[in-house]
Amino acid sequence: MFPAIEIRQVHKRFGNVQALRGVDLSIQQGEFFALLGPNGAGKSTLINILAGLALADSGYLKVLGHDVRANYREARRSIGVVPQELVYDAFFTVREMLQFQSGYFNLRDNSAWIDELLESLGLADKADVYVRSLSGGMKRRVLVAQALVHKPPVIVLDEPTAGVDVELRQSLWAFIRRLNREGHTIVLTTHYLEEAETLCSRIAMLKQGEIVALDTTANLLNRYAAIQVSIRLNPPRLPESLQPLLCGQDGEVFRFSLKHHAELEDVLRTLRMEEIRVVELDVSKPDLEDVFLRLVRS
Amino acid sequence: MTGLWTLFYKEILRFWKVSLQTILSPVVTTLLYLLIFSHVLEEHVLVYPGVNYTAFLIPGLVMMAMLQNAFANSSSSLIQAKMNGSIVFILLPPLAYWEFFTAYVAASVARGLVVGLGVGLAGLWFAAVPLVHPLWMLAFALLGSAMLGAMGIISSLWAESYDQMSAVQNFIIVPLTFLSGVFYSTASLSPLWRGVSRFNPFFYLIDGFRYGFFGASDVSPLFGLSIVATCFLALSLTTLLLLKSGYKLRK
């Protein structure tokens with residue numbers, strides 16, 4: 001079985017800026033994958049090259065085994081891309097746009113799927129409205145519908161929830177999750193890290209055109225994210241042996257940064273031995289933001 | 001063929017939806033030229049024996065309107081799509097570069113012919129124009145519109161702003177059409193300017209198109225047709241190569 005996406009040694013330069021520096025990445029069929037990184041890391045460039053909107057200087061990219069340049073027709077039939085920019089054609093209605101998009105993919109009669117897409121994305125009552133007159137959130141839904149019009153096995157969403165309201169975000173993710181359950185591979189870039197953490201099973205982090213981390217979400221959290229523990233002590237003093245773990249103090253509250261939950265047991269045992277009582281304990285879950293910040297700042 | 005057909009249909013619909021601007025407006029503007037020039041020059045100019053100036057003017061104006069509108073169709077559609085980003089809708093699907101070319105050129109030809117037909121029919125109100133060689137007329141009409149459709153694609157690929165696009169329109173296309181013999185026969189020019197006119201491919205389009213109506217022309221229609229066909233092939237080849245390479249479309 002071919003990987004959904006295979007990227008090997010892809011380099012791309014824009015003038016003096018080296019946007020991608022030998023990116024290697026393989027995404028398996030059926031994965032829900034996140035591509036994260038700060039602005040300018042190369043996420044959109046990589047997606048654009050994958051979609052055929054930009055050309056790599058070297059290396060190759062394949063979608064379901066089809067090279068994006070040599071077999072561009074098969075590659076493009078296999079992938080649906082929701083672009084980051086809120087773009088639309090001012091001359092046409094929502095339904096016309098979807099019919100054109102179907103035609104470009106050689107689908108003669110696609111009205112049943114178009115109707116289903118309109119219904120699923122809450123666009124049914126906007127079908128005959130000009131796209132230009134829709135709100136930003138609605139335009140975003142049209143972009144998603146356009147990307148899915150040919151039922152692509154691989155779906156790439158470049159910042160699909162940027163600037164959209166909570167309701168749309170939730171309905172969009174419910175729909176995308178359904179597609180993933182039905183076997184579609186989903187690749188997503190987002191600035192909402194909690195989205196990636198909740199939805200994606202694997203994550204790649206890009207920084208200055210290079211992949212700096214690639215692992216399952218759980219492993220990344222374990223490896224990079226610290227557990228923040230706040231403890232109110234009575235008497236408010238800390239044994240010498242725990243000082244290295246301390247990352248801050250606010251009156252009687254001591255804040256620790258721990259790598260694993262197991263370390264918490266060591267802290268509590270030491271406190272018991274020193275006869276210091278724990279009055280209050282708060283443990284915060286590690287999140288992807290810690291991983292992200294740590295990798296970006298490193 | 002569905003992809004190509006869809007793109008062609010979309011382009012037709014694009015100009016049809018704003019037909020006041022894309023069809024009626026150029027027809028009215030061209031008729032104003034006809035009204036003014038024929039009023040001023042009707043009594044003073046005789047170009048071909050037995051053909052009054054208004055009748056002489058009509059085929060030239062029809063061809064000028066076809067050329068300018070064929071150019072405007074592909075160029076405005078593509079530059080708008082490039083500027084507002086909606087070009088991605090035709091770059092993401094599996095359309096071949098030759099399908100892209102064929103759809104845009106065919107839509108340009110369609111708009112050129114519709115506007116040309118509008119000007120021609122309205123022109124009949126002013127003067128009766130014979131149609132001696134309809135196939136010659138049609139050959140020049142098709143090749144001229146297709147040539148300008150291809151030029152529209154090249155220009156809009158090159159242009160990075162509406163300003164640059166308008167510069168091509170105003171400093172290249174309009175002068176070449178106005179100085180191609182729309183309003184006069186190049187036989188009336190001095191030998192120097194007559195020679196210079198021969199380097200303007202639009203001259204052969206106007207002259208050959210007019211031959212289709214009157215059976216008279218400044219140069220042999222066969223020679224004109226071969227020049228025009230060569231220009232069309234060269235422009236088409238250039239456009240196809242640019243589209244294949246992704247010039248300013250796929251970064």
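In what follows, chains are A, B, ... by sequence order, proteins preceding strands, each numbered from 1.
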Handout entry: Sub-4.5 Å side-chain heavy-atom contact between B/Q80 and A/F91
Key = yes
Practice task
Flag the pair A/N106 / B/W5 as yes when at least one side-chain heavy-atom distance between them is below 4.5 Å, and no otherwise.
Solution key: no
Contact origin within [X] toward chain B - heavy atom pairs under 4.5 Å:
X      : answer
A/F14  : side chain
A/Q146 : side chain
A/E96  : side chain
A/I49  : neither
A/Y104 : both

So which part of [X] gets closer than 4.5 Å to some heavy atom of chain A, the side chain, the backbone, both or neither?
X      : answer
B/S77  : neither
B/L249 : backbone
B/A96  : both

Exercise for the section: May I ask you to name which of A/T45, A/I79, A/N48, A/L53 has the most heavy-atom pairs under 4.5 Å with chain B? Expected result: A/L53
Practice task
Under 4.5 Å, counting heavy-atom pairs only, tell me which of A/L143, A/L107, A/L55, A/D89 racks up the most with chain B.
Solution key: A/L55
More than 12 non-hydrogen atoms from neighbouring residues, nucleotides or ligands closer than 6.0 Å to [atom1] on [X], yes or no?
X      : atom1 : result
B/D163 : CG    : no
A/Q9   : CD    : yes
B/Y33  : OH    : no
B/K244 : NZ    : no
A/F2   : CZ    : no
A/R169 : CZ    : yes
B/Y9   : OH    : no

Do you know which two heavy atoms are closest between [X] and [Y], and how far apart they sit?
X      : Y     : answer
A/Q101 : B/P93 : NE2-CG, 3.7 Å
A/R77  : B/P94 : CG-CG, 3.9 Å
B/K251 : A/K12 : O-NZ, 3.2 Å

In Å and rounded to the nearest 0.5 Å, what is the [atom1] to [atom2] distance from [X] to [Y]?
X      : Y      : atom1 : atom2 : value
B/T2   : A/D109 : OG1   : CG    : 11.5 Å
B/L92  : A/F105 : CG    : CZ    : 7.0 Å
A/R132 : B/N84  : CZ    : CG    : 12.5 Å

Handout entry: Sidechain-backbone polar pair: B/K10 side chain, A/F100 backbone, donor-acceptor under 3.5 Å
Key = no
